[in-house]
Protein chains: 2
Amino acid sequence: MSQAAPDIDLDTSIGYLLKQAASALHAAMDAVLRPLGLNITQYSCLELLAQRPGLSSSELARGAFVSRQSMNVLLQSLEGDDLVSRPGQAPVGRVLPVQLTPAGAALRVTASAAVRAVEERMLGGLDREAEGQLRSGLRACAGALSAAYASSGAASAAASSTESTSGDAATSAASAFRRR
Amino acid sequence: MSQAAPDIDLDTSIGYLLKQAASALHAAMDAVLRPLGLNITQYSCLELLAQRPGLSSSELARGAFVSRQSMNVLLQSLEGDDLVSRPGQAPVGRVLPVQLTPAGAALRVTASAAVRAVEERMLGGLDREAEGQLRSGLRACAGALSAAYASSGAASAAASSTESTSGDAATSAASAFRRR
DNA sequence: CAGCCTATGTCAGAATACTGACATGAGTCA
DNA sequence: TGACTCATGTCAGTATTCTGACATAGGCTG
């Protein structure tokens with residue numbers, strides 16, 4: 001154990017800074033989306049559907065970083081507001097492709113503009129180079145963590161029940177990486 | 001309004017990347033902390049107390065990005081496990097300073113090492129310069145958002161009730177700004 | 001083709017966090 | 001000193017999300 005980094009220092013810990021920034025962004029987005037009648041997850045859902053129409057509920061869940069059960073109840077509320085639509089029956093298998101309704105597409109445009117304004121405020125102090133570095137840094141972090149949990153502990157592979165071990169894990173993504 | 005960025009592109013949106021990285025970190029930390037009997041907020045609490053002993057429940061709440069009500073129930077569970085202690089009566093005012101017990105301090109050391117390992121894995125692909133840039137980028141983002149909600153809309157200041165408008169807001173950080 | 005595995009959608013219960021509201025103690029200012 | 005503002009701790013109710021479990025559809029392998 002190196003004595004150089006004996007413990008976590010919250011003032012310099014990237015993890016803590018990440019949580020701090022994410023928390024601030026969450027609050028700021030919530031503040032602009034709430035007047036539109038949307039919470040952040042609902043907005044994420046609309047944005048995902050705008051860019052990739054026909055995604056399934058499970059795919060949306062992974063994209064919005066929530067469990068598929070949560071996404072399902074969320075979709076029900078969006079359906080109730082006539083913002084998205086799902087076919088009554090699965091065209092193939094059991095996957096129900098979700099689509100934006102015209103109302104949903106319109107609301108998404110408004111929400112997207114509001115969120116973009118928040119992002120611009122967040123990045124206001126950064127030049128384009130710093131922005132690019134931040135982007136690639138975040139990508140690297142997410143990628144490194146999405147990789148298999150090599151060391152740490154066990155992970156208990158053996159799936160005994162149907163809902164296998166980490167089958168759900170809202171973390172999505174799965175590139176390959178390794179610790180240094 | 002630049003027409004160059006008509007909408008949010010999830011693949012390049014810093015906000016989305018931030019959420020992605022934070023989500024991956026959350027999952028990874030949860031995976032290593034759970035075997036220790038801690039969730040992430042509980043760990044944050046122990047870490048905060050290790051670095052700043054005697055913090056009050058409300059201060060811990062802001063530091064851990066949760067409401068003070070949530071922090072209070074969390075502290076009760078930590079007290080039940082004899083990991084932290086609070087005086088039965090406030091030494092001054094109503095602020096109850098929280099302290100780590102020996103058991104809490106010991107557990108924190110173990111947890112801290114585990115979390116540090118996660119952070120190192122997360123940063124494995126970055127050199128020291130990139131790490132520094134990421135750190136400053138995240139600081140800039142958090143800072144820019146914590147600043148007053150200048151434009152956007154309204155923000156509905158008017159505090160009518162006791163629990164004034166944004167008095168709680170688990171967003172911590174800023175708190176500064178107060179229109180008066 | 002049968003068996004195994006994975007992924008999806010769904011139901012039910014539990015855990016977690018938040019909002020609203022209130023009383024109290026401290027600091028500030030006229 | 002007295003009124004006002006602010007922050008803290010706390011109680012109660014609500015909302016959101018997660019975990020566990022199950023049946024079914026599709027792909028893969030022997």
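The basis for the numbers below is simple: all heavy atoms, side chains too, and nothing from hydrogens, waters or symmetry mates. None of the values given here were measured: they were computed from a predicted structure. Quick note on labels: first sequence line is chain A, next is B, and so on, each numbered from 1.
- Between B/Gln76 and A/Met71, the residue whose closest nucleotide on DNA chain D is further toward the 5' end is B/Gln76.
- At a cut-off of 3.5 angstrom, counting only N and O atoms as typed in the model, there is no donor on one side facing an acceptor on the other between the side-chain of B/Gln69 and the base of D/dG13.
- Side chain of A/Ser13 to main chain of A/Asp9: no donor-acceptor pair is present (N/O by atom type, distance under 3.5 Å, no hydrogens or angles).
- Remark: A/Asn72 is not in phosphate contact with C/dG9, judged by side-chain N or O atoms under 4.0 Å from OP1 or OP2.
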I'd like a table of donor-acceptor pairs (distance under 3.5 Å, sequence neighbours excluded) in which one partner is a side-chain atom from residues 81-104 of chain A, with atom names and distances.
{"from": "A/Arg86", "atom 1": "NH1", "to": "A/Asn72", "atom 2": "OD1", "distance (Å)": "3.2"}
{"from": "A/Arg86", "atom 1": "NH2", "to": "A/Glu79", "atom 2": "OE1", "distance (Å)": "3.3"}
{"from": "A/Thr101", "atom 1": "OG1", "to": "A/Asp82", "atom 2": "O", "distance (Å)": "2.6"}
{"from": "A/Thr101", "atom 1": "OG1", "to": "A/Leu83", "atom 2": "O", "distance (Å)": "3.1"}
{"from": "A/Thr101", "atom 1": "OG1", "to": "A/Ala103", "atom 2": "N", "distance (Å)": "3.4"}
{"from": "A/Thr101", "atom 1": "OG1", "to": "A/Gly104", "atom 2": "N", "distance (Å)": "3.0"}

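- Close to D/dT16, at under 4.0 Å from its OP1 or OP2, lies no side-chain N or O of A/Thr41.
- Among the atoms of the strands shown, only primed sugar atoms or phosphate atoms (P, OP1, OP2) are found under 4.0 Å from some heavy atom of A/Leu96.
- The distance from atom CG of A/Leu74 to atom P of C/dG9 is 14 Å, rounded to the nearest whole Å.
- A/Leu10 and A/Tyr16 get closest at one heavy-atom pair: O-CD2, 3.3 Å.
- Of the side-chain N and O atoms in A/Ser58, none sit less than 4.0 angstrom from OP1 or OP2 of C/dA7.
- Residue A/Arg68 places a side-chain atom within donor-acceptor reach of the base of C/dG9, judged by atom type and a 3.5 Å distance cut-off alone.
- The CD1 atom of B/Ile40 sits 13 Å away from the P atom of C/dT16 (whole-angstrom rounding).
- Counting to the nearest Å, the C1' atom of C/dG9 and the CD atom of A/Gln89 are 14 Å from each other.
- D/dA7 atom C1' lies 15 Å from atom CG of B/Leu55, rounded to whole Å.
- When rounded to the nearest whole Å, the span between CG of A/Asn39 and C1' of C/dT19 equals 15 Å.
- Protein atom CG of A/Leu75 is 15 Å distant from nucleotide atom C1' of D/dT17, rounded to whole Å.
- Across B/Ala140 and A/Leu126, no two heavy atoms sit closer than the pair CB-CD2, 3.8 Å.
- Under a 3.5 Å cut-off, the side chain of A/Arg135 and the backbone N or O of B/Thr12 do form a donor-acceptor pair.
- Applying the 4.0 Å criterion to OP1 and OP2 of D/dT19, one finds that B/Arg34 has every side-chain N and O outside that range.
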| note | DNA chain D in dot-bracket form (Watson-Crick or G-U pairs under 3.5 Å, [ ] crossing, | inter-strand) is ||||||||||||||||||||||||||||||

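- Nearest nucleotide to the side chain of B/Arg94, out of C/dC18, D/dG26, C/dT24: C/dT24.
- Proximity of A/Ser67 to the phosphate of D/dC18: a side-chain N or O atom is located under 4.0 Å from OP1 or OP2.
- In this model, a donor atom of one side chain and an acceptor atom of the other lie less than 3.5 Å apart for B/Glu59 and B/Ser56.
- Listed here is the closest heavy atom pair of A/Gln20 and B/Phe65: CA-CZ, 3.6 Å.
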